[in-house]
Every structure is written in C-alpha cells, then in structure tokens.
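Here the structure is a predicted model, which is why all the values come from computation and not from measurement. Every chain is numbered from 1, with letters handed out A, B, ... down the list of sequences.
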Amino acid sequence: MRYRRFNPTCREVHRLVSESMDRELPLIDRGRIRMHLFVCEACTRFSHQMAVLRRAFRQD
Amino acid sequence: MPAPSSTHTDISQQLNALRPQLLRFAQLQLRDQARAEDAVQDALIAVLEQPGRYAGRSSLRTYVTGILKFKIVDAIRSSSREQAVDDVAARADAAAEDEAIDSLFLPDGHTRDLPTQWGDPDRLFEQQDFFRVLEVCVDKLPAQSARIFMMREWLEFDTEEICTELAVTSANVWVVLYRARLRLRECLDLNWFGKPA
C-alpha cells in the first residue's frame, strides 16, 4: 500500500502499528510512526491499546 | 499406596474445572479432536504427576495453561503441514477484512472515533474478571482469525512460522491479526471499558 511520503494518515499509522507487532518495520516507517504518534492522540491511544492487548496474552 | 492427600484431590478438582477451557484452546489450534484431547490430557497429567512443582505458584490456571501451550506447540510442529486454502476464498476474506477496517476511518484518513483510554495495564491485569471478558471476546472471533491470533499472541509463533504451518501468506496473516486486534479492542470497549455502542 503506497502512502504519502512524509505524513502518513491515521489509517496508515494504525495499520503500521499493528504490523510492527508482527514484523520489524523498515527504519523509515518506524520514524514516521514515532513522529505521527508525537502529534496524534488517536493513534497514541491505539498504540497503547495494542500494547495492553499484547501483554494480556503473555501474562504467564 | 498412600491415599491421595487433600491437596492432591483439590488440585484434581480444580483441573477438572479448567478442562473445558483448556480443551477449547487446544481445539482451536489442533483441528483433530483426538489430538486436542491428548494435548490436554498430557498437560493435566504433567501437573498431577508433579504436584510439588506447582506448589506455591500464583495460579494453577496459569501454570497448567503454560504446560498446555508447550504440548500444543509440540503437536503442531510434529504434525503434517496444512494444505493451502482455496485462493479465491482467501482473497475474498482478505477483501472483506480490508473493508471492515476502512469503515473505522474517515475519507481523510482520520479515525471516526477517538480510541478509548485503557489506563494502567498492571491494574487491569489484577482483575481476574478482565481475563474472563477477554476470553469471551476471543471466543467471539471467527474461527480462523482466532486460531491465527492465538497462534501469534499465545503460542508466540512468529509470522513466518504461522505462514509455514497454515500455508497462508504473510500479508494475509498481518491483515487477519490487525482485524482480530480491532475486533478484540471493540469487544473490550463494549464489555469492559464501558464505551457506548
């Protein structure tokens, strides 16, 4: 999925956040996510929800 | 032979109570009913044979689930690989998942709703009821989604291993996992975090 070069949308970042849990994203994508999360409350909350969900299943 | 101690009987009873859930986990991953039952039996026997190992642990449930996890992983690895699913069906499923995901976003790419705040996970996990609700939410996932999700999150298989075992593509795995996480998020929002529908 092609996306805008420097400024991904929340839709794109949500997907990338999920994918980052399953594979190592290229450095540039990791940078994009980090920058976007810095200014985006919605995606930051989503990222936190995903972190909680992951921890919940690895509780043993 | 000495009579079973009350501790032993107590553990047996607790394990019996856990059996249905354990069986559900095993059935999800091991399509063969007999193999699922074997895995559960093996896990229960492992606990009963060495009750000393369990003593003092925080939760029998966590302990036996942990053992079951390894039994299931072993069973998966030693079984023959699955055949690739019909391509057309897989592509149709993937397209439907994409649409469902898209509906959460506005045309400009922003989220329709601001995600809820889930707070401190440590406090969340102190509550056993949370895990019960989570379990119900997993049960509600479509079978193949649940299977892939639990394979990833509970059995901790990496993407490549899931692709190999289930004969699916990594792109398919990622979108299934993303969608499963969104469903679970929605289920928890409704049934735990009190978000209005």
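- Looking at F149(B), only its side chain comes within 4.5 Å of chain A, counting heavy atoms on both sides.
- Your options are M50(A), E19(A), R45(A), and the one with the most heavy-atom pairs under 4.5 Å with chain B is R45(A).
- Contact of D189(B) with chain A is made through the side chain alone, with heavy-atom distances under 4.5 Å.
- Of all the listed residues (L134(B), I101(B), L124(B)), the one sharing the greatest number of non-hydrogen pairs under 4.5 Å with chain A is L134(B).
- In this structure, the ring of Y178(B) has its center no less than 6.0 angstrom from the ring center of H14(A).
- Neither the backbone nor the side chain of V175(B) comes within contact range of chain A; no heavy atom of the residue lies under 4.5 Å from a heavy atom of that chain.
- Within the cation-pi definition used here (under 6.0 Å to the ring centroid, within 45° of the axis), R77(B) qualifies as a partner of F157(B).
- Sorted by first then second residue, the disulfide bond (SG atoms under 2.5 Å apart) pairs that include residues 120-160 of chain B, not counting sequence neighbours, are C137(B)-C187(B).
- Ranked by non-hydrogen atom pairs under 4.5 Å with chain A, the options D120(B), L104(B), V138(B), D122(B) are led by D122(B).
- Neither side chain, W174(B) nor S18(A), offers a donor N or O lying under 3.5 Å from an acceptor on the other.
- The part of L182(B) that comes within reach of chain A is its side chain, from C-beta onward, which places non-hydrogen atoms under 4.5 angstrom from that chain.
- For S170(B), no part lies under 4.5 angstrom from a heavy atom of chain A.
- Of the inter-residue distances, the one linking E99(B) atom CD with D102(B) atom CG reads 8.0 Å to the nearest 0.5 angstrom.
- To the nearest 0.5 Å, atom CG of residue D158(B) and atom CZ of residue R23(A) are 13.5 Å apart.
- For I162(B), no part lies near chain A; criterion is any non-hydrogen pair under 4.5 Å.
- When each of D42(B), D32(B), L22(B), L23(B) is tested with E37(B) by the rule side chain to side chain contact (heavy atoms under 4.5 Å, CB included), just one qualifies, namely L23(B).
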